[in-house]
There are 2 protein chains.
Amino acid sequence: MRSTAEARRATVLNAAVSAFARTGFHATPVTAVAAAAGISEAYVFRLFAGKLGLFVAAAGACFERIVVALEAGAERAGDVGPEGVLEAMGDAYAELIADRDLLLFQVQAQAVTDVPEVAEAVRAGYRRVATFVASRSGASDVQVQQFFAYGQLCHLIVTAGLEQVPEPWARALTAGIRHP
Amino acid sequence: MRSTAEARRATVLNAAVSAFARTGFHATPVTAVAAAAGISEAYVFRLFAGKLGLFVAAAGACFERIVVALEAGAERAGDVGPEGVLEAMGDAYAELIADRDLLLFQVQAQAVTDVPEVAEAVRAGYRRVATFVASRSGASDVQVQQFFAYGQLCHLIVTAGLEQVPEPWARALTAGIRHP
DNA sequence: CATGTTTGTAAGTGTGCACTCACAAACATT
DNA sequence: AATGTTTGTGAGTGCACACTTACAAACATG
């Protein structure tokens with residue numbers, strides 16, 4: 001016994017978020033996340049309820065980390081108005097994009113919403129994030145909606161690699177998006 | 001010989017868009033699209049260069065159908081200003097959402113962009129759509145960007161099933177989106 | 001130190017699926 | 001009619017991978 005089960009679960013979840021983010025649910029073998037976490041495949045299956053249970057748990061961890069990052073961004077901004085807080089959160093989200101994992105995981109999760117458990121996890125995640133953004137910023141519904149719309153645009157920009165495309169249409173889509 | 005290879009390819013592509021839209025690239029066996037198209041799995045592999053070739057071709061068909069729908073919407077609108085044309089295209093896209101296939105396929109394609117061929121297909125698709133929207137509407141870059149941002153928000157709403165969620169945060173995200 | 005519990009793994013098992021190949025029938029061309 | 005070409009399939013092959021089981025060592029507790 002080297003570690004407690006709970007600590008193992010945490011490190012496995014980190015590995016899972018990264019692995020699933022890159023190759024998605026179906027194309028990511030459990031052996032891959034087990035290897036990344038430095039333990040055996042069999043033990044992953046003991047720690048989580050199947051591959052699906054692992055993915056759902058990883059989704060929870062993903063959205064948790066997003067909320068934390070947005071909170072930090074808002075905190076750093078101090079006492080500006082709702083628009084100011086939203087913009088600060090936008091900047092924080094842009095920093096999040098640097099490591100790509102959290103953003104890509106969301107895309108992968110959206111792609112597996114034909115599995116009811118995943119759909120529910122995605123709803124739960126966006127419930128957390130959306131209610132937090134709204135209450136913490138105090139912004140209007142329209143502003144919050146816009147915040148998420150451009151967040152989703154960000155997902156397209158990153159997955160398609162549009163920052164690397166010099167053509168005018170791509171420049172139009174990526175204009176003003178904070179340094180992704 | 002019942003049909004020409006080219007005609008077969010077309011029906012297979014329709015089946016492929018639907019099948020991949022629901023279950024995604026990796027979770028959709030080629031047998032499924034073959035069955036939906038009413039031919040044998042082996043023949044699908046003769047008609048397309050592997051499962052990946054089929055998926056890429058389906059992506060092409062998907063974006064093609066999107067452009068056609070947007071064009072029809074714009075045509076129907078007549079000679080209103082750029083904003084009017086954009087709104088007409090938005091309505092047309094909303095109708096497209098009714099059949100869900102084209103929208104979900106885009107999400108699935110974005111999730112497989114770790115495969116270079118798919119990433120390129122997605123870029124090519126959005127290049128077609130974005131340049132078309134911009135030139136046909138004559139709208140500004142900012143307006144085009146906003147058009148796509150809210151389009152992507154639409155993807156989230158549909159995949160997560162947010163129209164079915166009565167809670168305030170979900171209402172805020174779905175507000176004003178044309179009847180999805 | 002004996003017994004129980006938790007952490008951990010090696011070595012299977014079964015299945016689903018991408019892709020191939022040998023072969024057949026429909027059609028064209030001479 | 002003979003020969004070639006295109007359309008089409010049934011029956012495999014091999015491999016990747018989700019999940020299980022049997023077993024072992026670390027730690028706790030009496």
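Computed from a prediction, not measured in an experiment: that's the story for all the values here. Each chain gets a letter, A, B and so on, in the order its sequence line appears, and its residues count up from 1.
A pairwise comparison of heavy atoms in Leu86(A) and Phe147(A) identifies O-CE1, 3.6 Å as the closest pair. In plain terms, the two heavy atoms of Val44(B) and Leu54(B) that are nearest each other are CG1-CD2, 4.0 Å.
Residues from residues 47-58 of chain A with heavy atoms under 4.0 angstrom of DNA chain D, sorted by number: Gly50(A), Lys51(A). A heavy-atom distance below 4.0 Å to DNA chain D is reached by these residues of residues 17-30 of chain A, ordered by number: Thr28(A), Pro29(A), Val30(A).
Between Tyr150(B) and Tyr150(A), the ring planes are perpendicular. Angles over 60° get that label, and only those under 30° would be called parallel. Between Phe55(A) and Phe105(A), the ring planes lie parallel to each other; the angle is under 30°, not in the 30° to 60° tilted range.
Salt bridge annotation for Lys51(A)-Glu41(A): absent, with no cationic side-chain nitrogen under 4.0 angstrom from a carboxylate oxygen.
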Query - Pair Asn14(B)-Val12(B), side-chain contact (heavy atoms from CB on, under 4.5 Å): steps then yes or no - result: CA-CA 5 Å; Asn14(B) 278 332; Val12(B) 170; over 6 Å; no
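Nearest nucleotide to the side chain of Ala42(B), out of dT9(C), dG8(D), dC21(C): dC21(C).
Remark: the Glu41(A) side chain and the dC19(D) base include a donor-acceptor N/O pair separated by less than 3.5 Å.
Between the OH atom of Tyr43(B) and the C1' atom of dG8(D) there is a distance of 6 Å, rounded to whole Å. Rounded to whole angstrom, the span from the CZ atom of Arg9(A) across to the P atom of dT6(C) amounts to 12 Å. Rounded to a whole Å, the CZ atom of Phe45(B) is 5 Å from the C1' atom of dC19(C).
Between dG8(D) and Arg46(B), no contact under 4.0 Å exists linking OP1 or OP2 to a side-chain N or O.
Put simply, Val80(A) and Phe132(A) are part of the same group of oily side chains (I, L, V, M, F, W, Y) that touch within less than 4.5 Å, one to the next.
From Leu173(A), atom CG reaches atom CD of Gln146(B) across 12.5 Å, with rounding to the nearest 0.5 Å.
Residue contacts shown for Ala5(A) are limited to sugar-phosphate atoms, with no base heavy atom under 4.0 Å away.
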